[in-house]
Amino acid sequence: MTNTYDLHNPTIETLLNRRSIRAFADEAIPADVVDTLETVAQHAASSQYLNDWSAIRVTDPAAKASLAEIGHQPYIAQAPLLYVFVLDEHRNAAIAAAKGVDVDSDAFTLNGSYRYSQAQNDAVLALHAMETAAYSLGLGCVILGSLLNDVEGLIDLLALPKYTYPVLGLAIGKPAQEPTLKPRLPKSVQIFENTYAVDDETILSDIADFDADVHRYYDLRNTERPVDAFSDQIAKNAVAPMGAKVVEPLARKQGFRLDR
Ligand SMILES: Cc1cc2nc3c(=O)[nH]c(=O)nc-3n(C[C@H](O)[C@H](O)[C@H](O)COP(=O)(O)O)c2cc1C
């Protein structure tokens with residue numbers, strides 16, 4: 001069959017060239033660009049059309065500095081455009097309550113585990129749409145999980161109400177660096193047909209070459225930085241203490257019931 005698809009269209013090229021940008025030019029993003037990025041995020045798919053996410057654009061320099069402190073990453077404060085995406089059942093709870101739903105009863109399920117995870121999915125999809133749109137305009141981004149170092153501090157700073165929970169930050173700006181693309185896993189260990197058709201022996205043998213690729217990537221990017229092969233990074237992360245990041249008690253404080 002003749003391939004009539006243009007595999008090198010701008011969307012594919014944008015996605016294949018995506019890499020995290022952690023240094024930004026000191027240049028404001030024009031208001032119409034900001035507006036378009038936000039509209040694009042709103043057009044992402046949404047589970048059951050509940051639209052259960054919100055995004056907070058953080059412009060106050062003091063708040064940006066606090067976020068950089070929480071994340072232990074100075075470039076957060078320097079991002080010309082900065083968002084925190086939150087999963088949000090607060091709005092829907094208010095709407096339901098106004099329609100007569102007793103949101104304090106056991107019948108209320110918007111605060112349950114299924115909605116929590118689907119709202120998180122919604123937030124991530126919206127963030128990713130915004131990220132892709134930003135890259136398509138020649139901007140660069142970094143996603144910020146580091147803001148979850150101090151969820152309580154973040155909730156305080158952003159005044160996040162009941163039935164919301166922070167998901168991720170997104171820093172956007174004109175790139176002031178050109179990192180090389182980071183290698184990705186061989187498809188043999190990540191993409192399967194019909195079933196999870198890979199054994200651990202294959203994983204380990206195919207990862208060996210990938211380890212070497214990752215090792216080379218870091219060598220090119222920062223010669224002063226000690227190199228960690230992918231497997232070593234995984235082993236390190238496998239026992240990383242979670243401390244204040246454990247979700248359940250914090251989510252409970254925000255009104256969620258992850259046990260049901
Ligand atoms: C959920 C998530 C959280 C992340 N958190 C951070 C972060 O806090 N700080 C950071 O510098 N990069 C963060 N990143 C970026 C990853 O480190 C990056 O995507 C990964 O190393 C692959 O590199 P690449 O994006 O350049 O391809 C995050 C990415 C994701 C998807």
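Indexing begins at 1, ligand by ligand and atom by atom, following the structure's order.
The distance from ligand 1 to the heavy atoms of R18 drops below 4.0 Å at these ligand atoms: 24 (P), 25 (O), 27 (O). Of all atoms in ligand 1, listed by their number and element, those nearer than 4.0 Å to a heavy atom of G145 are 3 (C), 4 (C), 5 (N), 6 (C), 7 (C), 8 (O). In summary, the atoms of ligand 1 found under 4.0 Å from a heavy atom of L144, numbered by their order in the structure, are 5 (N), 7 (C), 8 (O).
Between R18 and E131 a salt bridge is recorded (basic side-chain N to carboxylate O distance below 4.0 Å).
Of the polar atoms of V142, none of the N or O atoms is found under 3.5 Å from an N or O of ligand 1, judged by distance alone. Polar contact check, R22 against ligand 1: a nitrogen or oxygen pair lies under 3.5 Å apart. The distance criterion of under 3.5 Å between nitrogen or oxygen atoms is met by K182 with respect to ligand 1.
Comparing heavy-atom distances from atom 27 (O) of ligand 1 across Q233, R184, R19 singles out R184 as nearest. In this comparison of I143, N149, L147, the heavy atom closest to atom 6 (C) of ligand 1 sits on I143. The heavy atom nearest to atom 18 (C) of ligand 1, considering only G140, P183, S20, is found in S20.
Looking at heavy atoms from C-beta onward, I12 lies out of side-chain contact with L7 at the 4.5 angstrom threshold. Using a 4.5 Å heavy-atom threshold, the side chains of Q233 and V214 count as touching.
The CG atom of N17 lies 7.5 Å from the OG1 atom of T14; values are rounded to the nearest 0.5 Å. Between the NE2 atom of H72 and the CG atom of N149 there is a distance of 4.5 Å, given to the nearest 0.5 Å.
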Pair L87, D52 - check side-chain contact (heavy atoms from CB on, under 4.5 Å), show working.
CA-CA 6 Å; L87 63 89; D52 40 14; over 6 Å; no
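Within a 6.0 Å radius of CD in E152, no more than 12 heavy atoms belonging to other residues, nucleotides or ligands are found.
Residues F230 and Y217 keep their aromatic ring centres 6.0 Å or farther apart.
Contacts between L181 and ligand 1 below 4.0 angstrom, taking non-hydrogen atoms only, are absent altogether. Neither the backbone nor the side chain of Y217 has any atom closer than 4.0 Å to an atom of ligand 1 (non-hydrogen atoms only).
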